[in-house]
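These values consider heavy atoms only, across backbone and side chains, with no hydrogens, waters or symmetry-generated copies. All figures in this text were calculated on a predicted structure; none of them were measured in a lab.
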Amino acid sequence: MATSMYPGQLYKTESGRLFHAGAIAIIFVGLPARGKTHISRSLSRYLRWLGVPTKVFSVGNYRRQIIGVEVTNDFFSPDNKATADLRIQIANACLDDMVKWFAEGGQVGILDGSNTTEERRQELVERFKAYNITPLFIETICDNPAIIDANIRSVKVSSPDYVGWKDTDAVDDFKRRIDNHLPFYKTITDLNLSFVKLINVGERIIVNNVHGFLQSKIVYYLMNLHICPRKIYFARNGVSLNEQSYRADAPLAPAGHRYAENLKNFLLNLRENTAPSSPSSSTPETPRQLTVWTSSRKRSFQTAAHFLDHEEIIVRQRSVLAERNPGVCDQLTPQEIEEKYPDECERAKNDPYRHRFPRAESYYDLANRLEKVILELEREKNDVLIVAHESVIKCLYGYLFGLSETDIPSLEIPEGVLLELVPTAYTTEETRHVIPDTIAGVNWQQQAANFLSLAGKVPASPVYMDHYLPDDKRKRQDGSTAYSTPSSSPTSSTLGLSGSPSATTTKQREISEEIGQGPELAFRL
């Protein structure tokens with residue numbers, strides 16, 4: 001069915017179906033505002049990331065296409081005989097398209113609807129089994145009023161049904177829609193069925209009669225999923241003392257520490273000025289905690305370390321968040337790579353996502369390495385800031401927006417920009433903020449010493465800073481070494497500088513011009 005591959009797809013088959021799993025129909029069951037739409041789209045995104053041909057068939061979308069959005073809430077009541085035939089017509093149109101899609105090679109179809117009666121569920125089982133499609137029910141049960149209210153607000157914001165509605169009117173209408181379904185709702189009790197029951201969206205899960213690798217993979221994903229509102233931020237790491245070398249793992253340059261401090265100040269002010277609030281209440285909600293994730297690479301961790309002076313913020317290192325290993329391209333400029341490996345460059349142009357240079361990693365390798373981070377990101381209920389290299393952010397951004405492998409390498413994640421993403425039931429909303437430079441000056445060595453000591457890390461000593469500089473900047477003509485910026489340099493005797501104070505100042509100024517302005521940016525791979 002599908003000719004292109006997806007970012008985490010391991011292999012291709014002639015039929016397009018993977019894992020020897022056949023066709024699976026996932027049928028959602030539950031009252032409105034229980035997270036069915038959110039879960040169905042999140043699950044579809046994850047399966048498509050793995051390369052499984054997946055599509056969501058939403059009964060609500062078919063209803064909007066057939067009769068529009070202006071319907072009263074009693075239209076959805078199973079007790080409303082006047083609308084029964086129209087509701088059946090809409091449901092069957094959705095079901096017919098789903099069966100047709102399976103016949104064309106689809107593997108996992110997701111039926112997003114209420115399906116609250118035993119009779120309706122039995123009809124679906126018989127219909128799918130007649131076409132050799134395995135039905136798997138996912139029932140979402142929620143008795144926590146806080147979760148229900150939060151989901152109602154989320155649906156109100158993003159649902160096409162409530163465009164232009166007042167907040168209070170939309171919430172009241174949706175609650176009446178729930179009340180219309182409640183008397184007719186029957187939970188799944190037939191143990192012959194394959195089903196998963198999600199209780200309070202992750203607090204408890206019941207699994208019955210689930211078999212096979214792909215079904216188990218689906219269950220494992222559901223165990224990590226929640227629908228609580230949260231924000232995800234992306235920011236690139238600051239510039240290091242040697243952007244040209246991956247192996248050097250150089251610490252931040254002065255410009256990198258300046259950027260990190262600006263990032264921290266801007267994000268904390270942004271969160272303070274946009275505290276979440278309930279649409280039905282003027283009382284602000286308690287702000288969610290911020291967690292910062294970063295890699296163990298020095299330039300990424302030291303960028304995140306600027307948040308460590310706030311005890312309420314958790315900073316965590318994830319080694320899998322490290323950037324792609326450039327392999328033989330390490331310390332080479334793009335022009336040098338073209339000259340030295342012309343055949344490899346041609347292959348990279350033809351397949352920029354999956355091609356890897358000798359001893360290097362491709363975007364495909366990186367995406368598969370990041371799967372554990374993706375699952376942890378789905379599980380995280382705090383707001384998250386991910387500070388990482390551009391290649392890492394590209395892959396995670398591609399996952400959240402359901403992009404294909406051809407889209408990810410060409411993504412642009414600008415430097416000096418904070419990406420703010422808000423996952424909702426129907427989409428992921430994005431806002432990009434330019435990070436202003438509000439720091440008049442920064443003693444970068446002292447900053448590094450202060451922040452890294454909070455994390456139990458020892459910053460690189462200036463005596464050994466020569467190790468991190470590019471080859472053409474390690475030694476000056478007189479044999480001395482470039483170490484630091486003027487504002488934070490050790491004494492001239494410590495540095496091995498001789499001569500008059502004016503000569504020392506001149507040399508420090510020259511050193512600052514070389515490593516303080518971040519010229520190595522041109523060598524970023």
Enquirer: Asn208: which residues meet the side chain to side chain donor-acceptor pair (under 3.5 Å) condition with it, sequence neighbours left out?
Expert: none
Enquirer: Checking Phe102 now: which residues fulfil ring pair (Phe, Tyr, Trp, His ring centres under 6.0 Å) with it, not counting sequence neighbours?
Expert: none
Enquirer: The criterion is salt bridge (Lys or Arg N to Asp or Glu O under 4.0 Å); which residues satisfy it with Glu380, sequence neighbours excluded?
Expert: Arg316
Enquirer: Holding to ring pair (Phe, Tyr, Trp, His ring centres under 6.0 Å), I want the full list of residues that pass it with Phe266, two or more places apart in sequence or in another chain.
Expert: His433
Enquirer: Holding to side chain to side chain donor-acceptor pair (under 3.5 Å), I want the full list of residues that pass it with Asp85, two or more places apart in sequence or in another chain.
Expert: none
Enquirer: Just jot down the side-chain contact (heavy atoms from CB on, under 4.5 Å) partners of Tyr131, sequence neighbours excluded, or say none.
Expert: Val99, Arg127, Ile133
Enquirer: Tell me every residue that passes ring pair (Phe, Tyr, Trp, His ring centres under 6.0 Å) with Tyr246, counting only those two or more places apart in sequence or in another chain.
Expert: none
Enquirer: How would you list, by chain and number, every residue that makes a side-chain contact (heavy atoms from CB on, under 4.5 Å) with Ala322, sequence neighbours excluded?
Expert: Ser295, Arg297, Arg369
Enquirer: What residues, two or more places apart in sequence or in another chain, satisfy side chain to side chain donor-acceptor pair (under 3.5 Å) together with Asp112?
Expert: Thr37, Arg41
Enquirer: Taking side-chain contact (heavy atoms from CB on, under 4.5 Å) as the definition, give me every residue that meets it alongside Asp179, ordered by chain and number, with sequence neighbours left out.
Expert: none
Enquirer: Which residues satisfy the side chain to side chain donor-acceptor pair (under 3.5 Å) test with Asn209, sequence neighbours excluded?
Expert: His211
Enquirer: Going by the rule ring pair (Phe, Tyr, Trp, His ring centres under 6.0 Å), which residues pair with Phe401 if we only count those two or more places apart in sequence or in a different chain?
Expert: Tyr397
